[in-house]
Amino acid sequence: MSTHIEAKPGEIAETVLMPGDPLRAKWIAETFLENPVCYNRIRGMLGYTGTYKGKRVSVQGSGMGMPSAMIYFHELINDYGVKNIIRVGSAGSYQKDVKLNDVVLAMAASTTSGMNNSRFINSDYSPTADFDLFIKAVNYARENNIPIKAGNVLSSDEFYSDDPEEYKLWAQYGVLCVEMETAGLYTIAAKYNIKALTILTISDSLVTDEKLSAHDRETTFKDMVQIALAAAIS
Ligand SMILES: Nc1nc2c(nc(Br)n2[C@@H]2O[C@H](CO)[C@@H](O)[C@H]2O)c(=O)[nH]1
């Protein structure tokens with residue numbers, strides 16, 4: 001076991017889907033995987049391993065924000081040999097044409113966090129998605145007529161910012177949506193040379209102030225998960 005995960009060696013698959021919400025991990029495991037077995041309950045950050053179309057896949061919550069998520073990314077990679085992490089999350093839209101329930105692939109992740117600014121001594125590192133996983137996700141979505149958008153996303157360090165207008169600068173430069181984990185995922189994946197991709201479903205909009213209910217956020221998002229599983233096993 002690792003510091004925050006109680007799984008025994010071998011209990012976690014090489015590919016892990018990671019929603020922020022551990023209850024969404026439970027929903028994904030119970031809805032999409034055959035014979036899901038729970039390997040982690042520490043801190044309620046539920047993790048499961050099962051099979052999807054005959055291939056072993058795990059799914060585990062990461063928690064909200066990069067400090068939490070990066071603990072799990074680090075330990076899954078270094079203590080359990082995980083080679084592919086696909087974040088399946090929710091996000092807030094920054095663009096009029098990015099609407100509730102739209103699916104967004106994060107090609108890159110900007111951030112308000114100081115993490116990489118200090119890591120790279122005031123230079124700007126660009127955390128980017130793995131090309132192979134990205135192309136597999138795009139191909140599956142197109143073959144199955146699932147509309148997707150792809151581009152730059154913002155990984156913010158706070159959900160409640162002081163300035164409600166802050167999003168407009170990011171939107172002006174084409175940032176599609178905001179969440180709180182991807183810049184950390186892509187940075188850690190590059191550090192340890194593993195593959196990572198973030199697939200998001202829009203659950204609220206900074207442009208229109210619309211939002212899905214907490215329950216909807218937990219149990220909908222089927223398209224995103226199917227794209228992630230297709231990329232995971234192909
Ligand atoms: N910072 C931020 N995060 C958001 C937003 N909407 C969503 Br869904 N999130 C994501 O959802 C969780 C917060 O509800 C975090 O894990 C974020 O990744 C938003 O408008 N802002």
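Note that ligands are numbered from 1 as they come in the structure, with each ligand's atoms numbered from 1 the same way.
- Other residues, nucleotides and ligands contribute over 12 non-hydrogen atoms within 6.0 Å of the CZ atom of Arg119.
- By the 4.0 Å N-to-carboxylate-O rule, Asp204 lies too far from Lys211 to be salt-bridged with it.
- Atoms of ligand 1 found under 4.0 Å from any heavy atom of Met64 (numbered from 1 in listed order, with element): 12 (C), 13 (C), 16 (O).
- Contacts between Glu181 and ligand 1, counted as non-hydrogen atom pairs separated by less than 4.0 Å, involve the side chain only.
- In terms of modelled atom types and a separation under 3.5 Å, the side chain of Ser93 and the main chain of Val98 share a donor-acceptor contact.
- In this structure, Arg41 does not pair ionically with Glu6, as no charged nitrogen and carboxylate oxygen lie closer than 4.0 Å.
- Every atom of ligand 1 is numbered from 1 in the order shown, and the set under 4.0 Å from a heavy atom of Val178 is 1 (N), 4 (C), 5 (C), 19 (C), 20 (O), 21 (N).
- Contacts of Arg87 with ligand 1, taken as heavy-atom pairs under 4.0 Å, involve the side chain alone.
- The option from Ser90, Gly89, Gly63 that lies nearest to atom 10 (C) of ligand 1, judged by heavy atoms, is Ser90.
- Under the 4.0 Å criterion applied to side-chain N and carboxylate O atoms, Lys99 and Glu210 are not assigned as salt-bridge partners.
- Ligand 1 lies nowhere less than 4.0 angstrom from a heavy atom belonging to Gly20.
- Residue contacts with ligand 1: Met180 is placed with a nitrogen or oxygen under 3.5 Å of a nitrogen or oxygen of the ligand (distance criterion only).
- Polar contact with ligand 1: present for Asp204 (N/O pair, distance under 3.5 Å).
- Annotation for ligand 1: atoms under 4.0 Å from non-hydrogen atoms of Leu206 are 20 (O).
- Near Ser203, the atoms of ligand 1 lying under 4.0 angstrom from a non-hydrogen atom of the residue are 8 (Br).
- The number of heavy-atom neighbours closer than 6.0 Å to NZ of Lys136, taken from other residues, nucleotides and ligands shown, is above 12.
- Side-chain atoms of Thr111 come within 3.5 Å of backbone atoms of Ser155 as a donor-acceptor pair (strictly under, hydrogens ignored).
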